[in-house]
Amino acid sequence: MDDAGEPLAVVNDVRLVGRLSGDPVVVELPSGDALVTFRITVPRSPTSAVPRSAAGAGQRADSVPCTAWTPRLRRSILTWRTGDLVDVSGAVRCRFYQAGGATRSRVEVEVLAARIMRRSSAA
């Protein structure tokens, strides 16, 4: 923090290591762009600083929506299967889109790098 209490640096970096909760899916947007969407389930720390009275108290894991836009990442991620242990890094994004005549938004991790750490024994 600087003298005025402002942060010295602003960072939007995310790294998740967790299990794939479902097979990745290719989504084609009306613009013609394609992306791959998937969810990673990440266990919560048992020493989480979130008060017990907060919403989601007792929740033991988070399911985080992720997207990959680049062709190389899409191809790689499409080989993943439910239960695989994966490591992704990227940034939090808020994406706006039209659905059912209404503007909607979605917060997700835009994946910039990804790797599979261990295949699921069920895969």
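Values in this document were obtained by computation on a predicted structure and should not be read as measured data.
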query: Looking only at atom types and distance, does a side-chain atom of Ser76 sit under 3.5 Å from a main-chain N or O of Leu73, one as donor and one as acceptor?
result: no
Sequence neighbours excluded and cut-off under 3.5 Å, please list the side-chain donor-acceptor pairs for residues 29-41, or say none.
{"unit_1": "Ser31", "atom_1": "OG", "unit_2": "Asp33", "atom_2": "N", "d": "3.3"}
{"unit_1": "Ser31", "atom_1": "OG", "unit_2": "Asp33", "atom_2": "OD2", "d": "3.2"}
{"unit_1": "Arg39", "atom_1": "NH1", "unit_2": "Ser63", "atom_2": "O", "d": "3.1"}
{"unit_1": "Arg39", "atom_1": "NH1", "unit_2": "Ser63", "atom_2": "OG", "d": "3.3"}

task: Give the minimum heavy-atom separation between Leu16 and Cys66, together with the two atoms involved.
output: CD1-SG, 4.3 Å
task: Mind listing the closest non-hydrogen atom pair of Val111 and Val88 along with its distance?
output: CG1-CB, 4.1 Å
- prompt: Asp87 side chain to Val17 main-chain N or O, any donor-acceptor pair under 3.5 Å?
  reply: no
- line: Nearest heavy-atom contact between Asp84 and Ser120 is OD1-N, 2.8 Å
- line: Here the pair of heavy atoms bringing Arg74 nearest to Trp69 is NH1-O, 2.5 Å
task: Hydrophobic side-chain clustering at under 4.5 Å (ILVMFWY, transitive links): who's grouped with Val11? Put none if nobody.
output: none
message: Can a donor-acceptor pair be found, under 3.5 Å and without considering hydrogens, that links the side chain of Asp23 to the backbone of Arg81?
response: no
query: So, for Pro65 and Val107, which heavy atoms are closest and what is the spacing to 0.1 Å?
result: CG-O, 3.4 Å
- request: Compare all side-chain heavy atoms of Thr67 with those of Arg95 and state whether any distance is below 4.5 angstrom.
  value: yes
task: Report yes if the side chains of Glu108 and Glu110 come closer than 4.5 Å at any heavy-atom pair, otherwise no.
output: no
task: Take atom CZ of Arg118 as the centre, draw a 6.0 Å sphere, and report whether it contains more than 12 heavy atoms from other residues, nucleotides or ligands.
output: no
message: Ignoring hydrogens, what is the shortest heavy-atom contact between Tyr97 and Ser105? Give both atom names and the distance.
response: CE2-C, 4.2 Å
query: With no hydrogens and no angle check, is any side-chain donor or acceptor of Asp62 less than 3.5 Å from a backbone partner on Val42?
result: no
